[in-house]
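Notes follow once the structure below has been shown.
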Amino acid sequence: MATTPAPHPQAPPKPTWDPRDPVRPLLRPTIRIRLTLLYGGMFLIAGILLLSIIYLFTAQALSDSTSQLPFKVVNGTVQPTTSWCRLPESPTGDQLNDAVTLCLRHQSDLALDDLLRRSLFALLGLSIIAFAFGYAMAGRVLSPLGRITRTARQVAGSDLSRRIELDGPDDELKELADTFDEMLDRLERAFTAQQRFVANASHELRTPLAINRTLLEVHLSDPGAPVELQQLGKTLLATNERSEQLVEGLLLLARSDNQIIERKPVDLAEVAERGVDQVHAEAEAKGVEIRGERAPAVVQGNGVLLERIALNLLQNAVRYNVPEGGWVEVTTEAGDGQAVLVVSNTGPVVPAYEIDNLFEPFRRLRQERTGSDKGVGLGLSIARSVARAHGGRIIAEPREGGGLVMRVTLPI
């Protein structure tokens, strides 16, 4: 099969200014320069306003102090006009001068105290205004960062079609946004090419296996075939079926890890019921009872992949069970912003240190590679991958008396 060569990765966008130019970087409207000019201008305006207010208060205090003297001259005698201004009754020249000086000094102290009090109130008011204005302007300058963060969160939710497309001055934030958009373009192309590869590989791998199965079934349907040939055909048919399961599991594992999931409302109770229906015959053949109450628990996700989680957990629970009197309990519930699917089963005792190995591809309990007819060793790996793709997780715990408790938690 001819393959299409992968496109060469494009270089990141070049800056719109020449870094070797000794003048241009200094004139470029960077964030540092803009913030410096902004806060420097705000400081200058606040200083001018504060000086103007203090000047007005000083002028008013001087006007009040000169228009309202603490004494007055009546018929050649000096008389106080305030209660705090004390003058001698029959003063000499020096005594009168000293008393008038004290009165004027006290009036000046009162004026300075009033000026200080008004200045402090003015400073407090200007500080509140400056902080509020600075907070608003900083939010305006740094708003592109919020836009970049929101886009990154949307991309983290498997939506690679999002772009920032930031407008504004050619500063560091716009350069960062443009670089991020270019990176998203490359990622989207890479994921699209990978999805096409998975689809093509699925077709190319399934076709020869399907042909082999058909040929084997045709030969096995011949009543005149020797017994040895029929036995060989059955062995080859079982091997071919195992290969089909392996290919299907690997492709599903790749899709669940990398595919952008189209999310729709899915009820975990319905998903669990469908999984129970598919393993019901196998459970009856092994004498395993399936029980449990399944309450509605609607999540946003891909119904086919979520059904694969339930089916894989149920198949493992049925196949790895006790020979007699075994059971599997399947429950679903919703609460606290999350939906939970729990699959518990009887079975052999599982050491706690072996739990992590169960989720590794081609690993089983006390076995490094797959080697039985119970599966290809990808069931739990696929279940964990699908749960992660939906923003959830799957936890396995040993059950007292043997068996496992598998708990799948998904956000609602």
Side-chain angles (χ1 to χ4, degrees), residues 241-242 244-253 255-257 259 261-322 326-335 338-347 350 358-359 361 364 372-397 399 403-412:
E241 182 179 0
R242 182 179 175 82
E244 288 180 336
Q245 293 176 0
L246 177 60
V247 170
E248 187 70 26
L250 289 174
L251 293 176
L252 181 59
L253 183 61
R255 287 198 300 267
S256 62
D257 273 335
Q259 187 178 13
I261 298 175
E262 181 182 358
R263 298 179 180 269
K264 296 180 180 179
V266 180
D267 190 355
L268 285 186
E270 181 181 358
V271 167
E273 288 290 348
R274 292 178 63 88
V276 170
D277 292 340
Q278 295 182 60
V279 300
H280 182 71
E282 184 177 359
E284 282 190 346
K286 292 182 175 291
V288 176
E289 176 191 2
I290 300 180
R291 64 193 187 188
E293 297 182 358
R294 290 171 281 280
V298 180
V299 299
Q300 298 293 325
N302 185 294
V304 176
L305 294 180
L306 291 177
E307 184 178 332
R308 175 63 65 169
I309 291 182
L311 180 59
N312 287 357
L313 296 182
L314 285 168
Q315 286 178 342
N316 280 351
V318 170
R319 293 171 182 175
Y320 298 94
N321 215 303
V322 294
W327 54 262
V328 175
E329 186 175 54
V330 187
T331 62
T332 58
E333 61 180 357
Q338 60 185 13
V340 181
L341 167 66
V342 181
V343 178
S344 307
N345 67 285
T346 53
V350 181
L358 298 178
F359 291 96
R364 289 208 194 100
S372 70
D373 59 348
K374 294 182 178 180
V376 294
L378 289 174
L380 293 182
S381 301
I382 294 173
R384 182 179 62 176
S385 178
V386 173
R388 287 178 176 176
H390 285 77
R393 60 177 183 170
I394 178 171
I395 300 176
E397 298 176 353
R399 179 182 166 275
L404 289 172
V405 178
M406 310 294 295
R407 184 181 304 273
V408 181
T409 304
L410 301 173
I412 295 180

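Reckoned from all heavy atoms, side chains included, excluding hydrogens, waters and symmetry mates.
- The backbone N or O of F359 sits less than 3.5 Å from a side-chain atom of S381, completing a donor-acceptor pair.
- The minimum heavy-atom distance between K286 and V318, with the atom names listed, is CD-O, 3.7 Å.
- Side-chain contact between L311 and R274 is absent, with no heavy atoms from C-beta onward closer than 4.5 Å.
- Taken from CD in E329 to CD in E289, the straight-line distance is 9.5 Å, to the nearest 0.5 Å.
- At distances below 3.5 Å, not a single donor-acceptor pair connects side-chain atoms of T331 with backbone N or O atoms of G292.
- Heavy-atom contacts from other residues, nucleotides or ligands closer than 6.0 Å to CD of Q315 number more than 12.
- Once rounded to the nearest 0.5 Å, the distance linking CG of N312 with CG of L314 reads 9.0 Å.
- For the residue pair I412 and A334, the shortest heavy atom distance occurs at CD1-CB, 4.0 Å.
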Stepwise side chain to side chain contact (heavy atoms under 4.5 Å, CB included) check, L305 with H390: CA-CA 9 Å; L305 294 180; H390 285 77; 4.2 Å; yes
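- Side-chain atoms of S344 and M406, non-hydrogen and from C-beta on, never get closer than 4.5 Å to each other.
- Between N345 and the options V328, N316, V288, a side-chain contact (heavy atoms from CB on, under 4.5 Å) holds for only V328.
- Nearest heavy-atom pair, L268 versus A339, reported as atom, atom and distance to 0.1 Å: CD1-CB, 3.7 Å.
- The minimum heavy-atom distance linking V266 with N302 is given by the pair CG2-C, 4.3 Å.
- The side-chain heavy atoms of I395 and V408, taken from C-beta on, include no pair separated by under 4.5 Å.
- Within a 6.0 Å radius of CZ in R407, no more than 12 heavy atoms belonging to other residues, nucleotides or ligands are found.
- Side-chain contact between V271 and L341 is absent, with no heavy atoms from C-beta onward closer than 4.5 Å.
- Checking side-chain atoms of R384 against main-chain N and O of I394 turns up no donor-acceptor pair under 3.5 Å.
- Across all their heavy atoms, G326 and T346 have their closest contact at CA-OG1, 3.3 Å.
- Nearest heavy-atom pair, A297 versus E333, reported as atom, atom and distance to 0.1 Å: CB-O, 3.6 Å.
- From Q278, atom CD reaches atom CD of E273 across 12.0 Å, with rounding to the nearest 0.5 Å.
- At most 12 non-hydrogen atoms from other residues, nucleotides or ligands lie less than 6.0 angstrom from CZ of R393.
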